[in-house]
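This report refers to the structure that appears directly beneath it.
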Amino acid sequence: MKAKTNEAAAVAEGTAAGGAGKGVEAAVAGLKDGMAKAASGYTETQAKMKEGVEKVMKTAEEIVSFNQGNVEAMVKSGQIWAAGMQDIGKQMAATAQASFDETMATFKALTSVKSLKDAFDLQSNFARATLEKTLAESGKLTDASLKLTEQTLAPLTARMSLAVEKFAKTA
């Protein structure tokens with residue numbers, strides 16, 4: 001019986017050794033699988049991080065480009081305003097010169113009148129003509145100012161429309 005017991009012990013020992021070997025192999029396989037999953041997860045995380053950084057960089061580039069367009073619109077608007085103000089200034093100077101010339105002509109005419117009635121008529125005509133021209137020039141100046149305002153705001157309005165359009169797409 002002792003031989004059977006030794007034999008049973010040897011079989012049990014071999015089975016235990018074989019089972020232990022399989023357990024180690026399973027543990028190693030599990031460890032390798034876990035390492036592979038960890039490496040895969042790390043790779044996925046790294047790819048997502050890279051994608052996120054690329055999106056942030058693209059957004060930053062778009063913001064810089066958009067702001068550059070805003071600055072260009074402001075510069076263009078300023079140029080339009082300056083040119084328009086120069087034109088209005090020229091128009092006002094021409095009007096003032098014409099008014100001065102008419103005043104001088106009327107003054108010269110007053111020096112050569114022969115009666116008080118002629119002087120009164122000359123002065124009345126001059127006053128009426130001056131008032132009519134002042135109203136007409138005032139209307140022209142108002143129209144020119146409104147047109148200049150519209151032209152000056154056009155580049156800024158275009159940028160505002162673009163901003164609304166762009167932000168509406170992202171929202």
Side-chain angles (χ1 to χ4, degrees), residues 32-171:
K32 284 181 180 179
D33 187 44
M35 293 286 283
K37 286 180 181 178
S40 173
Y42 176 76
T43 303
E44 286 178 31
T45 301
Q46 191 176 23
K48 287 180 182 180
M49 289 283 290
K50 182 178 178 184
E51 182 180 319
V53 168
E54 287 173 355
K55 284 182 182 178
V56 167
M57 292 302 292
K58 182 179 178 189
T59 301
E61 288 172 2
E62 288 175 357
I63 289 171
V64 167
S65 174
F66 186 78
N67 285 336
Q68 183 179 7
N70 290 345
V71 169
E72 290 170 0
M74 290 291 288
V75 168
K76 185 174 183 178
S77 181
Q79 290 170 337
I80 292 169
W81 181 81
M85 288 304 293
Q86 187 175 18
D87 290 344
I88 288 173
K90 287 178 183 177
Q91 180 183 351
M92 289 176 68
T95 301
Q97 182 64 47
S99 178
F100 178 75
D101 291 344
E102 286 179 34
T103 301
M104 292 308 292
T106 301
F107 182 69
K108 285 180 184 178
L110 277 173
T111 60
S112 64
V113 292
K114 297 189 179 169
S115 71
L116 193 55
K117 182 183 180 312
D118 289 343
F120 183 74
D121 288 343
L122 187 61
Q123 183 64 29
S124 294
N125 289 337
F126 173 71
R128 184 176 44 255
T130 301
L131 180 62
E132 288 173 359
K133 287 179 183 177
T134 299
L135 291 175
E137 288 301 319
S138 174
K140 287 179 186 178
L141 183 60
T142 300
D143 290 344
S145 296
L146 290 174
K147 185 177 178 181
L148 176 60
T149 300
E150 185 179 297
Q151 290 172 344
T152 299
L153 292 177
L156 302 175
T157 303
R159 290 304 293 177
M160 187 64 74
S161 297
L162 180 64
V164 167
E165 181 182 307
K166 209 169 201 155
F167 291 124
K169 285 181 182 178
T170 59

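Counting from 1, the numbers follow the sequence of the chain as shown.
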Would you say [X]'s side chain and [Y]'s backbone share a donor-acceptor pair under 3.5 angstrom?
X: R159; Y: F66; result: yes
X: S77; Y: T152; result: yes
X: T95; Y: Q91; result: yes
X: S161; Y: T157; result: yes

Using a strict threshold of under 4.0 Å (side-chain N to carboxylate O), is an ion pair present between [Y] and [X]?
X: K133; Y: E102; value: yes
X: E137; Y: K140; value: yes
X: E51; Y: K55; value: yes
X: D143; Y: K147; value: no

I need the [X] [atom1] to [Y] [atom2] distance, nearest 0.5 Å.
X: M92; Y: M85; atom1: CE; atom2: CE; answer: 8.0 Å
X: S124; Y: K117; atom1: OG; atom2: NZ; answer: 9.5 Å
X: K108; Y: T106; atom1: NZ; atom2: OG1; answer: 11.0 Å
X: L116; Y: Q123; atom1: CG; atom2: CD; answer: 11.5 Å
X: N70; Y: L162; atom1: CG; atom2: CG; answer: 8.5 Å

Q) Of all heavy-atom pairs between V113 and L122, which one has the smallest distance, and what is that distance? A)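 For V113 versus L122, the nearest heavy atoms are CG1-CD2, 4.2 Å.
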Q | Minimum-distance pair of heavy atoms, taken over all atoms of F126 and T103 | A |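 Closest approach of F126 to T103: CZ-OG1, 3.3 Å.
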